[in-house]
Novice: 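Here it is, the structure, as structure tokens.
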Number of protein chains: 2
Amino acid sequence: MSPPRRTRIQRRNSETILDAALEVFSAQGFRGATLDQIAEVAGLSKPNLLYYFPSKEAIHLALLSRLLETWLDPLKAMNPDGDPVTEILLYVRRKLELSRDFPRESRLFANEILQGAPRMRRVIETELKDLVAEKARILTRWMEEGRIARLHPVHLIFSIWAMTQHYADFEMQVGTVLGPDEPDPYPEAGLYLDTLFRRLLAV
Amino acid sequence: MSPPRRTRIQRRNSETILDAALEVFSAQGFRGATLDQIAEVAGLSKPNLLYYFPSKEAIHLALLSRLLETWLDPLKAMNPDGDPVTEILLYVRRKLELSRDFPRESRLFANEILQGAPRMRRVIETELKDLVAEKARILTRWMEEGRIARLHPVHLIFSIWAMTQHYADFEMQVGTVLGPDEPDPYPEAGLYLDTLFRRLLAV
DNA sequence: TCCGTTCCTGACCGGATGGTCAAACCTTTG
DNA sequence: CAAAGGTTTGACCATCCGGTCAGGAACGGA
């Protein structure tokens with residue numbers, strides 16, 4: 001999407017801007033974010049932002065397009081020839097790591113979907129849908145072979161998404177409810193989800 | 001929170017405004033929504049909105065405060081003296097019905113939490129936290145009595161929230177991925193979640 | 001019917017916000 | 001070192017948006 005940056009300065013500043021924009025967009029949503037906020041976080045002036053990106057929209061778009069790869073990778077990595085339970089648990093673990101390591105990206109995505117995905121419809125209707133269909137077929141085959149329990153494959157994927165993203169998207173709620181004694185919920189969440197899906201998938 | 005409406009017109013218009021505001025806030029977030037949009041959906045003029053509510057903020061607040069009750073009710077209804085599995089499955093079902101029947105409320109809540117709950121911190125830190133703590137104790141007791149499987153009680157609650165709210169908050173994604181063949185995902189989701197939690201909780 | 005109250009609106013205001021631009025500044029290169 | 005090209009910014013603009021206000025319309029009780 002975004003053209004390759006030629007000079008060192010261009011690469012560095014584009015990166016700085018995208019990082020600052022991620023910070024602000026993920027916390028405030030597209031309309032809630034202002035160029036002034038992004039500029040301040042980036043430590044640059046507003047006109048300078050618009051020297052590197054033609055508009056606020058373009059910054060947002062650049063973030064979304066680089067996001068999708070990262071987001072779909074773990075599902076793509078699910079190996080049809082591996083051990084079903086191992087593969088699925090690995091997917092859950094990877095997805096949870098994504099929530100832990102890239103919560104801002106997760107919230108950016110959540111914001112976008114919540115608002116009807118005005119800027120991602122296309123990609124969701126094509127890439128995401130096709131990928132899920134492909135992986136659902138694999139899950140169905142595993143079920144027919146009696147290697148995991150019979151379940152609705154797509155809802156199975158939904159439940160993985162829901163539970164893993166919950167820890168990033170509702171971080172504030174999770175943190176508050178667990179209290180300050182448990183500052184990092186991820187180890188416990190990993191154990192919990194592991195147990196959950198093991199029991200769910202057992203034949 | 002909002003003062004009781006005296007006349008018939010006041011009741012009717014306040015209701016119309018809150019419904020329109022719910023529509024717009026849940027789809028656009030607080031900052032993304034404009035009074036003009038709300039006014040148009042409500043079929044009223046902008047100054048008329050501000051005749052009934054002192055500010056945009058006040059409309060949003062009125063929505064949030066009426067929301068919380070509805071939102072906590074199902075968890076409150078979990079009966080300590082009932083059959084554990086039945087009670088938990090009932091909670092899951094009620095929460096899923098909430099997503100199906102009040103998706104806009106769900107998204108309003110999601111928007112709020114996503115952005116760090118700037119207007120709900122207090123309530124989450126007190127009411128919600130206390131309620132979860134209380135219900136977690138009940139779950140723990142059930143586990144110690146060997147009536148359901150041993151799990152982290154709070155993460156169990158998180159997983160219920162995550163999976164049920166997913167269908168409302170990510171409605172667009174769910175609808176797209178399932179395709180137009182399956183216009184109403186809720187019956188299937190109900191079956192899936194029922195199975196999931198039965199297997200998870202079985203001792 | 002008349003009158004006080006409630007309800008409604010067009011016109012307007014001030015501040016925020018996305019975006020522009022000319023000019024200054026800096027870096028690189030011949 | 002000087003020109004060329006790349007980078008940065010202060011000042012500015014048009015629009016949007018939350019909110020105000022004076023006055024008019026509709027309502028309801030007597």
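Letters A, B, ... mirror the listed sequences (proteins, then strands); counts begin at 1. All figures in this text were calculated on a predicted structure; none of them were measured in a lab.
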Novice: Taking side chain to side chain donor-acceptor pair (under 3.5 Å) as the definition, give me every residue that meets it alongside A:Ser106, ordered by chain and number, with sequence neighbours left out.
Specialist: A:Asp169

Novice: Let me confirm one number: the CG-OH distance from B:Leu193 to B:Tyr186, rounded to the nearest 0.5 Å.
Specialist: 10.5 Å

Novice: Taking the side chain from A:Ser159 and the backbone from A:Leu156, do they hold a donor-acceptor pair closer than 3.5 Å?
Specialist: yes

Novice: In whole angstrom, what separates B:Arg12's CZ from C:dC7's P?
Specialist: 10 Å

Novice: Round to the nearest Å and state the distance from A:Lys56 atom NZ to C:dT20 atom P.
Specialist: 14 Å

Novice: Would you say that A:Leu98 contacts A:Thr164 through its side chain, given a criterion of any heavy-atom pair below 4.5 Å between the two side chains?
Specialist: no

Novice: Answer yes or no: does a side-chain N or O of A:Tyr51 lie under 4.0 Å from OP1 or OP2 of C:dC21?
Specialist: no

Novice: Given atom CG of A:Asn48 and atom P of C:dA24, what is their separation to the nearest angstrom?
Specialist: 18 Å

Novice: When the distance from CG of A:Leu35 to C1' of C:dT17 is rounded to whole Å, what number comes out?
Specialist: 8 Å

Novice: Does the B:Lys95 side chain pair with the main chain of B:Met163, one donor and one acceptor, at a distance under 3.5 Å?
Specialist: no

Novice: Judged by atom type as modelled, is there a donor-acceptor pair below 3.5 Å linking the side chain of A:Glu87 to the main-chain atoms of A:Met78?
Specialist: no

Novice: Tell me, please, which residues at least two apart from B:Phe30 pass ring-ring contact (aromatic ring centres under 6.0 Å, His included).
Specialist: B:Phe25, B:His60

Novice: Are any of B:Gln10's side-chain N or O atoms less than 4.0 Å away from OP1 or OP2 of C:dT6?
Specialist: no

Novice: I need the CD1-P distance between A:Ile38 and C:dT17, as an integer number of Å.
Specialist: 12 Å

Novice: How do A:Gly43 and B:Asp36 order along DNA chain D: which one's closest nucleotide is nearer the 5' end?
Specialist: A:Gly43

Novice: Using heavy atoms and a sub-4.0 Å distance, could you list which residues of residues 23-34 of chain B are near DNA chain D? By number, please.
Specialist: B:Ala33, B:Thr34

Novice: May I have the distance from B:Tyr52 (atom OH) to C:dT9 (atom C1'), rounded to whole angstrom?
Specialist: 13 Å

Novice: So what does A:Leu50 touch, heavy atoms closer than 4.0 Å: a base, only the sugar-phosphate, or nothing?
Specialist: base

Novice: Using a cutoff of under 3.5 Å, can you pull out all pairs of nitrogen or oxygen atoms linking the protein to nucleotides 25-30 of chain C, with atom names and distances?
Specialist:
none

Novice: Could you list where the contact with chain B starts and ends along DNA chain D, reading 5' to 3', using a 4.0 Å heavy-atom cut-off?
Specialist: D:dC17 to D:dC21

Novice: Scan for side chain to side chain donor-acceptor pair (under 3.5 Å) pairs involving residues 122-144 of chain A, sequence neighbours excluded, and state none if there are none.
Specialist: A:Arg141-A:Glu145

Novice: Are any side-chain N or O atoms of A:Glu112 and backbone N or O atoms of A:Arg119, one a donor and one an acceptor, separated by less than 3.5 Å?
Specialist: yes

Novice: Here's a test of your reading of the structure: between B:Ser45 and A:Lys46, which maps to the more 5' nucleotide of DNA chain C?
Specialist: B:Ser45

Novice: Is it true that a side-chain atom of B:Arg107 and a backbone atom of B:Ala27 form a donor plus acceptor pair closer than 3.5 Å?
Specialist: no

Novice: Quick one: sort the B:Phe158 and A:Tyr167 rings into parallel, tilted or perpendicular, breaks at 30° and 60°.
Specialist: perpendicular

